[in-house]
Peer 1: 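I have a structure here, written as structure tokens, and I will follow up with some questions on it.
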Amino acid sequence: MTVSNVRNSNGSRFTIAILALLVLVLALYGGVRLVTGDDSHDSGHVPEAERVVLRDAAQVLPVLPGLGSLPTGWSVKTGFPGTMQCPAKSPGCDGSSISAASEYVPASMVDQVRIELRSYPTIDAATVGYKALAKQQVDRGSGLDPLSLPDVGGDEVIAVAWRMNNDDGSAGTAATGATSVVRVGTVAVTVFLRDEGAGGTSLEVLQTLTATMAARAREAISGQTPQTGVQL
């Protein structure tokens, strides 16, 4: 039997020592994560909607776009945005934590804009609230047309266009409008557009406002200050 002499034994021992040290460090790191519950690497698996629940005016009012987030020429109606009372029997009110609304005076393309926001304590409650709000719009009556709003960024969304006949029964249309309801995590937002007369409502405005509100709601429930503006 021939025995070979390994000349670089000191280097081999040094390498083994380094590897042993690395194993020890990794083991200690894993133990600390186990004890402290640090799971930052897997935080992407936690739904954004579960990070922050909007419970008061200071949290919900910034979600509604202010003057700096509106297109040129738009303005916010006096007295808005603000919190609103939500009667127990009104659609989407049951189980909600807080409601808020804002109204706007557009420069063009649509006559009236109103946005309502309801925040809920859990995703399950928000889902129930969203379904009630959506049903309210679908059940508005005759003259409804379902609309498709692709890529608005919500967890759930519906939209309808509608028209109102003259109250006196005469021929013609008194007003047209469009409404969307979008849920993002624990928040449900309703966007109302109305135009006087039979000119029709701009679906571009509805699409943009719905997407903007979905983005601002997601920013808020992720713990950020809403920054997304209305880009028309």
Side-chain angles (χ1 to χ4, degrees), residues 32-70 76 79-88 90-104 113-134 136-137 149-159 179-192 206-231:
V32 170
R33 283 174 55 113
L34 181 62
V35 172
T36 62
D38 181 8
D39 194 28
S40 58
H41 179 71
D42 295 325
S43 62
H45 297 292
V46 179
E48 289 185 358
E50 295 182 1
R51 297 180 186 174
V52 175
V53 174
L54 312 183
R55 301 182 185 278
D56 54 41
Q59 292 175 307
V60 300
L61 293 182
V63 182
L64 298 166
L67 191 60
S69 299
L70 298 174
V76 183
F80 292 98
T83 57
M84 55 181 280
Q85 293 295 324
C86 198
S90 295
C93 287
D94 189 25
S96 63
S97 300
I98 188 169
S99 299
S102 191
E103 293 188 6
Y104 304 92
V113 175
R114 179 180 173 89
I115 299 175
E116 294 184 0
L117 180 154
R118 288 182 174 84
S119 179
Y120 299 85
T122 66
I123 290 179
D124 288 342
T127 300
V128 172
Y130 163 82
K131 289 180 179 178
L133 292 168
Q136 179 188 31
Q137 299 308 318
L149 297 182
D151 304 322
V152 296
D155 297 314
E156 299 179 271
V157 61
I158 66 101
T179 307
S180 67
V181 183
V182 59
R183 180 183 69 81
V184 180
T186 53
V187 174
V189 179
T190 305
V191 178
F192 301 92
L206 184 67
Q207 170 85 27
T208 300
L209 285 175
T210 305
T212 300
M213 291 308 302
R216 292 178 71 89
R218 192 168 298 281
E219 289 167 346
I221 62 180
S222 297
Q224 307 169 31
T225 300
Q227 300 288 345
T228 301
V230 182
Q231 302 293 330

Peer 1: Got a list of side-chain donor-acceptor pairs under 3.5 Å for residues 62-70, not counting sequence neighbours?
Peer 2:
unit_1 : atom_1 : unit_2 : atom_2 : d
Ser69  : OG     : Arg216 : NH1    : 3.2

Peer 1: Would you say that Leu149 contacts Ser180 through its side chain, given a criterion of any heavy-atom pair below 4.5 Å between the two side chains?
Peer 2: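 They are in contact (side-chain heavy atoms under 4.5 Å apart), so the answer is yes.
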Peer 1: Work out which heavy atom in Pro121 is nearest to a heavy atom in Gly95; give both atom names and the distance.
Peer 2: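 Nearest heavy atoms, Pro121 then Gly95: CD-O, 3.2 Å.
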Peer 1: Counting only pairs under 3.5 Å, give me each side-chain donor-acceptor contact of residues 127-134, with atom names and distances, residues two or more places apart or in other chains.
Peer 2:
unit_1 : atom_1 : unit_2 : atom_2 : d
Thr127 : OG1    : Ile123 : O      : 2.9
Tyr130 : OH     : Val157 : N      : 3.1
Tyr130 : OH     : Ile158 : N      : 3.4

Peer 1: For residues Val76 and Phe80, report the shortest heavy-atom separation together with the two atoms involved.
Peer 2: CG1-O, 3.4 Å
Peer 1: Ser119: which residues meet the side-chain hydrogen bond (donor to acceptor under 3.5 Å, both in side chains) condition with it, sequence neighbours left out?
Peer 2: none
Peer 1: Taking all heavy atoms of Val187 and all of Ala217, pick out the closest pair and write down the distance.
Peer 2: CG1-CB, 4.1 Å
Peer 1: Under 4.0 Å between a Lys/Arg side-chain N and an Asp/Glu carboxylate O for Asp155 and Arg218?
Peer 2: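 Yes.
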Peer 1: Walk me through it: do Phe192 and Glu103 pass the test side-chain contact (heavy atoms from CB on, under 4.5 Å)?
Peer 2: CA-CA 9 Å; Phe192 301 92; Glu103 293 188 6; over 6 Å; no
Peer 1: Minimum heavy-atom separation for Ala57 to Thr83, with atom names?
Peer 2: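 So the minimum-distance heavy-atom pair works out to CB-CG2, 3.7 Å.
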Peer 1: Answer yes or no: is there a donor N or O on one side and an acceptor on the other, between the side chain of Gln136 and the main chain of Gly92, under 3.5 Å?
Peer 2: no
Peer 1: Could you check whether any side-chain heavy atom of Ile221 comes within less than 4.5 Å of a side-chain heavy atom of Val184, counting everything from C-beta outward?
Peer 2: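 Side chain of Ile221 against side chain of Val184, heavy atoms only: contact under 4.5 Å found.
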Peer 1: How far does OG1 of Thr186 sit from CG of Asp124, to the nearest 0.5 angstrom?
Peer 2: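 If we round to the nearest 0.5 Å, Thr186:OG1 and Asp124:CG are 11.5 Å apart.
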Peer 1: Residues two or more places apart in sequence or in another chain: which of them pass side-chain hydrogen bond (donor to acceptor under 3.5 Å, both in side chains) with Glu156?
Peer 2: Arg183
Peer 1: Decide yes or no for Ile115 and Met213: does some side-chain heavy atom of the first lie under 4.5 Å from some side-chain heavy atom of the second?
Peer 2: yes
Peer 1: Considering all heavy atoms of both residues, which atom of Ala159 and which atom of Leu206 are nearest to each other, and what is their separation?
Peer 2: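 For Ala159 versus Leu206, the nearest heavy atoms are CB-CD2, 4.2 Å.
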Peer 1: If I take atom CZ from residue Arg114 and atom CG from residue Leu209, how far apart are they, to the nearest 0.5 angstrom?
Peer 2: 14.0 Å
Peer 1: Going by atom types only, do Thr122 and Tyr120 share a side-chain donor-acceptor pair under 3.5 Å?
Peer 2: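 Their side chains do not contain a donor-acceptor pair, so the 3.5 Å distance test is not met.
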Peer 1: Quick one: list whatever passes salt bridge (charged side-chain N to carboxylate O under 4.0 Å, His left out) with Arg55, sequence neighbours left out.
Peer 2: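 Listed in chain order: nothing, the list is empty.
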Peer 1: If you look at every heavy atom in Gly154 and Ala214, which pair is closest and at what distance?
Peer 2: N-CB, 4.2 Å
Peer 1: So, taking the atom named SG in Cys86 and the one named CD in Glu116, what distance separates them when rounded to the nearest 0.5 Å?
Peer 2: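 The distance works out to 8.5 Å.
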Peer 1: Find the distance between CE (Met84) and SG (Cys93) and round it off to the nearest 0.5 Å.
Peer 2: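 The SG atom of Cys93 is 6.5 Å from CE of Met84, to the nearest 0.5 Å.
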Peer 1: How long is the straight-line distance from CZ of Arg118 back to OG of Ser96, given to the nearest 0.5 Å?
Peer 2: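 So the OG of Ser96 and the CZ of Arg118 are separated by 6.5 Å.
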Peer 1: Once you round to the nearest 0.5 Å, how far does CD of Gln227 lie from CD of Glu219?
Peer 2: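 Rounded to the nearest 0.5 Å, the CD-CD separation comes to 6.5 Å.
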Peer 1: Gln59: what forms a side-chain hydrogen bond (donor to acceptor under 3.5 Å, both in side chains) with it, not counting sequence neighbours?
Peer 2: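 Listed in chain order: nothing, the list is empty.
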